[in-house]
K.L.:
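One structure, pasted below without further comment.
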Amino acid sequence: MNEPKIHVKDFDFFYGASKVLHGISMDIPDRQVTALIGPSGCGKSTFVRSINRMNDIIPDARGTGTILIDGKNVYGRDTDVVALRRRVGMVFQKSNPFPKSIFENVAYGLRINGGGSKREMAEIVERSLRRAALWEEVKDRLHSSAFALSGGQQQRLCIARALAVDPEILLMDEPASALDPIATTKIEELIYELKSNYTIVIVTHNMQQAARVSDKTAFFMMGRLVELGDTKTMFMTPKEKMTEDYVTGRFG
Amino acid sequence: MTSTSLRRRLVSRAAEAFCAVSVVIALLPLALILFYVVKEGIGALNADFFTKMPKPVGEAGGGMANAIAGTLILIAIAAGFAVPAGVICGIHLSEYPKSAFSTIVRFAADVLNGVPSIVVGIFVYGILVLPVKRFSALSGGVALGILMLPIVIRTTEELLRLVPAGLREGALALGATRSRAIFTVILPAALPGILTGILVALARVAGETAPLLFTAFNNRYWSTSLTQPIASLTVQVFTYAISPYEDWHRQAWAGAFLLVMMILVLSIAARLAVRRLERMNRP
């Protein structure tokens, strides 16, 4: 197998004095979907937000240990956080379109990266919306407000927005938990489509979703990584008793 | 019907009556002021009022063209410095809510908000009028600006804090710098509310008289110079109202009416602007 895209070694994370992640070590493979599962408060969201350093904006939060992307330390002293976040896109649990038009939402990442000609922008916006399977629904109203879209469409818009800057990694923090089953299915199909081009890490509470979309699954519990393995193995024949109890719904 | 249920109904009626009386007490002064100003003012308003200069003492006729222009110039100066300074201050307060500096600024803004406007007038008189020994439009505008400042600061801060954290995260996750996120996403999201705050502050200072007495003073002639004394609607209304001339009283009413209308127009403009912006912003 190829080199892992993301290599994590002995990663701890603190909010003030409380330690929420304990010595996480795992490899996340390139161009596959890795699902993070576990009960609420187990640290999976904190972990995924550590990969693009979104936790930096929380006062008193700090991480120690190593997270390497393509061999380069995310928490290195000379890491350019802004450049890092351009390589590592993120989709949040609550869709968060900007108070701008549909077009401007997708173009936002391009504009802050220096923009481009009008034509290039229009092309990239179209391509991103197509990749996010939203183009057909919005092509006639690109300049109306993003808030006019339904919840599921808004979330796909946020995915399109993240894709527009051409990231290598896509972090998804419960991207479908606020959506109805139909919209969820669309997002899942989309994840399946996207994995040929992107390394995807998805946090989910929905076990079936993890089983459907992911290649690897990591089970978190109380800030520790309990088990990591191929999704099939994790759901059929997990090594740990705790994993088995969780995936079969015996607790959590 | 039991006695408790009867009692409950009586208490309910009494409470309703109390609310109704309160509403009347609250609205009556406003209604009376508007009624009076409109009744006395609308008849005195004519084309001359807008286009003519004041006539010499004793002569009937003339208008307040200079005072209308003066008031517009004064509030333009006030907004010119209070809006950028206040908005930037508000951004700082919402971005660094807990820093010692923010605590001091917030406290200072609240104190400034409570300072009587005449004190602000005297202060500006001390720093901008006395040194050059001349009343000026500039000093009047600055005095009004100082009065606007705390309102703009606090509205900006409050409204920026209402912007959902998810928007900021969304922008940062795309590789926006902090300042970029503020100016391209967070500030635009809060803009409708901030704009309303600014217009409310403008409407408030447009009606100020006291701080102008020591600063802009008054001017019987047409002047748009920033370094010369300048007329304003409020001071003109004040001067005319305390004069012994019937015709000046009439014009004072017209001036008061115009002031009320200006504030009404500002408020309506604020509403319309907000509605337009919100069409894009509605979550």
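Labels below follow one simple rule: chain letters A, B, ... track the order of the sequence lines, proteins then strands, and each chain is numbered from 1.
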K.L.:
Contact part of A:Pro97 toward chain B, heavy-atom cut-off under 4.5 Å: side chain, backbone, both or neither?
P.N.:
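The backbone, not the side chain.
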
K.L.:
Locate the shortest heavy-atom distance separating B:Leu174 from A:Arg86; write the atom from each residue and the value.
P.N.:
O-CG, 3.6 Å

K.L.:
Looking only at heavy atoms, what is the nearest atom pair of A:Pro99 and B:Leu167, with distance?
P.N.:
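Closest approach of A:Pro99 to B:Leu167, heavy atoms only: CD-CD1, 4.0 Å.
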
K.L.:
Need one label for A:Val88: side chain, backbone, both or neither, based on atoms under 4.5 Å from any heavy atom in chain B.
P.N.:
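Answer is backbone: N, CA, C or O of A:Val88 sit under 4.5 Å from chain B.
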
K.L.:
Search all heavy atoms of B:Leu172 against all heavy atoms of A:Arg85 and return the closest pair with its distance.
P.N.:
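Shortest heavy-atom contact: O-CD, 3.1 Å.
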
K.L.:
Would you say NZ of A:Lys195 has more than 12 non-hydrogen atoms from neighbouring residues, nucleotides or ligands within 6.0 angstrom?
P.N.:
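Enclosed: over 12 neighbouring heavy atoms sit under 6.0 Å from NZ of A:Lys195.
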
K.L.:
Mind listing the closest non-hydrogen atom pair of B:Ala173 and A:Met90 along with its distance?
P.N.:
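Distance-wise, the nearest heavy atoms are CB-CB, 3.9 Å.
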
K.L.:
Check each atom of B:Ala171 against the heavy atoms of chain A and say whether the ones under 4.5 Å are side chain, backbone, both or neither.
P.N.:
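Contact with chain A is through both the backbone and side chain of B:Ala171.
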
K.L.:
I'd like to know which of A:Leu84, A:Val91, A:Val82, A:Leu171 tops the heavy-atom pair count under 4.5 Å against chain B.
P.N.:
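Looking at each of A:Leu84, A:Val91, A:Val82, A:Leu171 in turn, A:Val82 comes out on top.
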
K.L.:
Heavy atoms only: give me the nearest A:Phe92-B:Glu169 pair and the separation to one decimal.
P.N.:
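Where A:Phe92 meets B:Glu169 most closely, the heavy atoms are CE2-OE1, 3.4 Å.
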
K.L.:
More than 12 non-hydrogen atoms from neighbouring residues, nucleotides or ligands closer than 6.0 Å to CZ on A:Arg141, yes or no?
P.N.:
yes

K.L.:
Hey, does the side chain of A:Lys100 reach the backbone of B:Pro188 with a donor-acceptor pair shorter than 3.5 angstrom?
P.N.:
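Judged by distance alone, no pair lies under 3.5 Å.
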
K.L.:
Less than 4.5 Å to any heavy atom of chain B: does that hold for the side chain of A:Arg49, its backbone, both, or neither?
P.N.:
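Interface part for A:Arg49: side chain.
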
K.L.:
What heavy-atom pair brings A:Phe98 and B:Gly170 nearest, and what distance separates the two atoms?
P.N.:
CZ-C, 3.7 Å

K.L.:
Should the heavy atoms of other residues, nucleotides or ligands under 6.0 Å from OH of A:Tyr15 be counted, would the total exceed 12?
P.N.:
yes

K.L.:
So for atom CD1, which belongs to B:Ile127, do other residues, nucleotides or ligands contribute more than 12 heavy atoms lying within a distance under 6.0 Å?
P.N.:
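Yes, CD1 of B:Ile127 has more than 12 neighbouring heavy atoms, counting only those of other groups under 6.0 Å.
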
